[in-house]
Participant: 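One structure, as structure tokens, below. Some questions next.
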Amino acid sequence: MSISAGWNISRGLKRMIDNKPQSALPHLALVASFMLWGINIISMKVGGREWEPLVFNGLRYASILPVLWGYALYYRYSANRSRPAGEAVSYRMERRDLWLVIGLGVLSAVGLEAMFSYALQYSNAANGAVLGRGFMPVITVLFALWLREIRLTPRLLVGLPLAICCVAIVVAGGSEGLHFTAETLRGDVLLLLRSILGALYLIGMNRLVKKYPLPLLVAIEMTAGAAALLPAVLIQVDANMLTSMSASGWISLAYTALFGTVLGFYAHNWSLGKLGPVKASVYGFLLPVMAAIAGYVLLNESLSAYQLIGGTGVLAAMYIVQRDRYQKRAGDPISRSAAEHQHKG
């Protein structure tokens with residue numbers, strides 16, 4: 001082998017080592033966020049036995065505000081300390097964007113989190129995994145197509161239906177099973193509405209994470225959510241409720257607040273800005289898989305053959321969709337720059 005050929009191979013390997021972690025990091029962060037949220041389903045099952053849903057989510061949001069705003073201020077200070085005055089990180093927002101992030105915060109707290117808790121009172125967790133989360137990527141794709149942000153590709157046509165079918169297999173193989181009856185109709189409608197609202201949240205937040213620092217967005221979003229749920233907390237919480245709460249109730253609240261909310265939302269929304277709403281939403285198919293694994297590890301629940309087969313199918317379907325690199329419109333400058341970068345690489 002010639003010296004020049006060896007040098008070219010070494011440069012190629014270096015390029016792979018340098019670029020792969022960066023390109024894989026958003027995907028790994030999304031896997032981590034849905035792993036945290038899978039465990040969070042178990043946590044909320046425990047907490048739901050003792051906390052009223054609006055109170056639980058109101059305390060969850062309010063308790064993390066000092067951490068979020070403290071980090072947001074620290075982030076701006078540390079980022080500006082080594083930058084020239086003209087390149088300083090600014091926390092100024094356009095008025096319409098400020099109202100958008102406030103609206104998304106209320107939507108997330110009331111329309112996603114609290115609605116999910118109420119929907120499960122009339123339906124079951126298996127239906128929730130399919131209707132409350134499984135349909136969200138499909139609805140996100142429909143909205144993105146309607147807004148002309150992406151174009152339909154064969155990988156999407158194959159990957160999304162395959163993922164939904166495999167999610168249904170996972171939840172049908174669980175202890176509760178998958179069933180739709182007149183008794184679950186009210187909860188199922190709420191779960192489907194949650195998927196629609198979740199798709200709107202992804203598309204709206206995707207536009208913001210590309211313009212503003214993530215610590216600022218998360219802090220404003222959670223503050224808006226806490227404010228929306230504050231009346232329920234003030235009306236229902238009293239000293240007797242707090243003192244009579246068991247240790248498991250407090251542990252559930254602490255886990256959901258710190259891991260399910262702070263770490264989960266940071267990882268998810270950061271990756272959302274890197275991958276876009278469609279590819280980020282597809283990772284939602286991991287939630288029932290992660291929940292089944294968490295139930296097996298934490299609650300000694302069994303894993304059936306159907307769940308193992310369905311989980312494998314979910315991973316295959318996600319791989320098919322994530323391999324689609326040309327979801328955005330050809331005229332989109334972001335798509336053109338990405339295509340040029342891939343061609344040069």
Side-chain angles (χ1 to χ4, degrees), residues 19-37 68-69 71-72 74-76 78-79 83 87-94 96-105 107-108 112 136-137 139-141 143-145 147-150 197-225 260-287 318 321-329 332-342:
N19 293 335
K20 186 152 181 127
Q22 296 178 359
S23 62
L25 192 55
H27 298 276
L28 294 175
L30 280 171
V31 172
S33 68
F34 281 100
M35 185 181 299
L36 292 172
W37 288 342
L68 295 177
W69 282 109
Y71 178 69
Y74 171 77
Y75 173 85
R76 186 175 65 173
S78 60
R83 294 188 180 190
E87 300 179 4
V89 174
S90 174
Y91 274 3
R92 292 183 179 180
M93 297 183 66
E94 297 179 16
R96 63 179 182 179
D97 290 337
L98 177 60
W99 283 112
L100 177 58
V101 70
I102 290 174
L104 292 175
L107 174 65
S108 174
L112 299 183
M136 191 182 298
I139 298 172
T140 303
V141 168
F143 276 130
L145 289 170
L147 296 172
R148 297 184 179 181
E149 293 186 350
I150 65 169
L197 296 178
L200 292 174
Y201 172 87
L202 286 175
I203 292 175
M205 185 57 69
N206 179 62
R207 297 182 177 183
L208 293 172
V209 294
K210 297 177 180 178
K211 296 176 62 176
Y212 302 103
L214 184 59
L216 175 65
L217 292 176
V218 174
I220 296 176
E221 175 189 352
M222 296 302 165
T223 302
T261 307
V262 176
L263 295 181
F265 272 80
Y266 263 111
H268 179 273
N269 288 347
W270 177 80
S271 302
L272 174 64
K274 302 293 183 181
L275 300 178
V278 174
K279 288 192 173 184
S281 69
V282 171
Y283 276 92
F285 291 125
L286 276 180
L287 188 59
M318 290 177 56
V321 175
Q322 296 301 331
R323 291 290 294 173
D324 189 352
R325 299 184 179 182
Y326 300 100
Q327 289 182 10
K328 286 185 174 292
R329 293 178 295 168
D332 188 357
I334 297 177
S335 298
R336 289 200 304 269
S337 64
E340 291 172 0
H341 175 73
Q342 291 170 2

Participant: Taking all heavy atoms of Pro215 and all of Tyr266, pick out the closest pair and write down the distance.
Facilitator: CA-OH, 3.4 Å
Participant: Any non-hydrogen side-chain atom of Glu94 less than 4.5 Å from a side-chain atom of Tyr212?
Facilitator: yes
Participant: If you round to the nearest 0.5 Å, how far is CD1 of Ile102 from CG of Asp97?
Facilitator: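 One gets 11.0 Å once the value is rounded to the nearest 0.5 Å.
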Participant: How many angstroms lie between CG in Leu214 and NE2 in His268, if you round to the nearest 0.5 Å?
Facilitator: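 The distance works out to 11.5 Å.
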Participant: Once rounded to the nearest 0.5 Å, what's the spacing between atom CG of Leu202 and atom CZ of Arg207?
Facilitator: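 The CG atom of Leu202 sits 12.5 Å away from the CZ atom of Arg207.
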Participant: Is any side-chain heavy atom of Thr140 closer than 4.5 Å to one of Leu200?
Facilitator: no
Participant: What's the separation between atom CE in Met205 and atom CG in Leu217, rounded to the nearest 0.5 Å?
Facilitator: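 So the gap between those two atoms works out to 6.0 Å.
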Participant: Quick one: pull up CG in Leu28 and CE in Met35 and give me the separation to the nearest 0.5 Å.
Facilitator: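 That separation rounds to 10.0 Å.
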Participant: What's the spacing between Leu216 CG and Tyr71 OH if we round to 0.5 Å?
Facilitator: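 It comes to 12.5 Å.
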Participant: Using the side-chain contact (heavy atoms from CB on, under 4.5 Å) rule, take Ile220 and Thr223 through it: C-alpha gap first, then chi angles, then the decisive distance, then the call.
Facilitator: CA-CA 5 Å; Ile220 296 176; Thr223 302; 5.6 Å; no
Participant: If every non-hydrogen atom of Gly264 is compared with every non-hydrogen atom of Ser33, which pair is closest and at what distance?
Facilitator: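 Heavy atoms of Gly264 and Ser33 come nearest at O-CB, 3.6 Å.
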Participant: Quick check, are the ring centers of Phe265 and Trp37 under 6.0 angstrom apart?
Facilitator: yes
Participant: Do His27 and Tyr283 get their side chains close enough for a donor-acceptor pair, meaning under 3.5 Å?
Facilitator: yes
Participant: Walk me through whether Val218 and Trp69 qualify under side-chain contact (heavy atoms from CB on, under 4.5 Å).
Facilitator: CA-CA 9 Å; Val218 174; Trp69 282 109; over 6 Å; no
Participant: Any idea which heavy atoms bring Glu221 and Tyr201 closest together, and the distance?
Facilitator: OE2-OH, 2.8 Å
Participant: Provide the closest heavy-atom pair for Leu30 versus Ser271 in the form atom of the first, atom of the second, distance.
Facilitator: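 Scanning both residues, the minimum pair turns out to be CG-CB, 3.4 Å.
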Participant: If you take all heavy atoms of Leu112 and Gly198, which pair is closest and at what distance?
Facilitator: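 Looking at all heavy atoms of both residues, the closest pair is CD2-N, 3.5 Å.
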Participant: Tell me the closest heavy-atom pair linking Phe34 and Ala280, and the distance in Å.
Facilitator: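 Answer, listing the atom of Phe34 first, then Ala280: CE1-O, 4.4 Å.
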Participant: State whether the number of non-hydrogen atoms from other residues, nucleotides or ligands found under 6.0 Å of Tyr74 atom OH is greater than 12.
Facilitator: no
Participant: Keeping Ser78 on the side-chain end and Tyr75 on the backbone end, is there a donor-acceptor pair under 3.5 Å?
Facilitator: yes
Participant: Set out, in order, the CA-CA distance, both residues' side-chain angles and the distance that settles side-chain contact (heavy atoms from CB on, under 4.5 Å) for Lys274 and Val209, then state yes or no.
Facilitator: CA-CA 9 Å; Lys274 302 293 183 181; Val209 294; over 6 Å; no
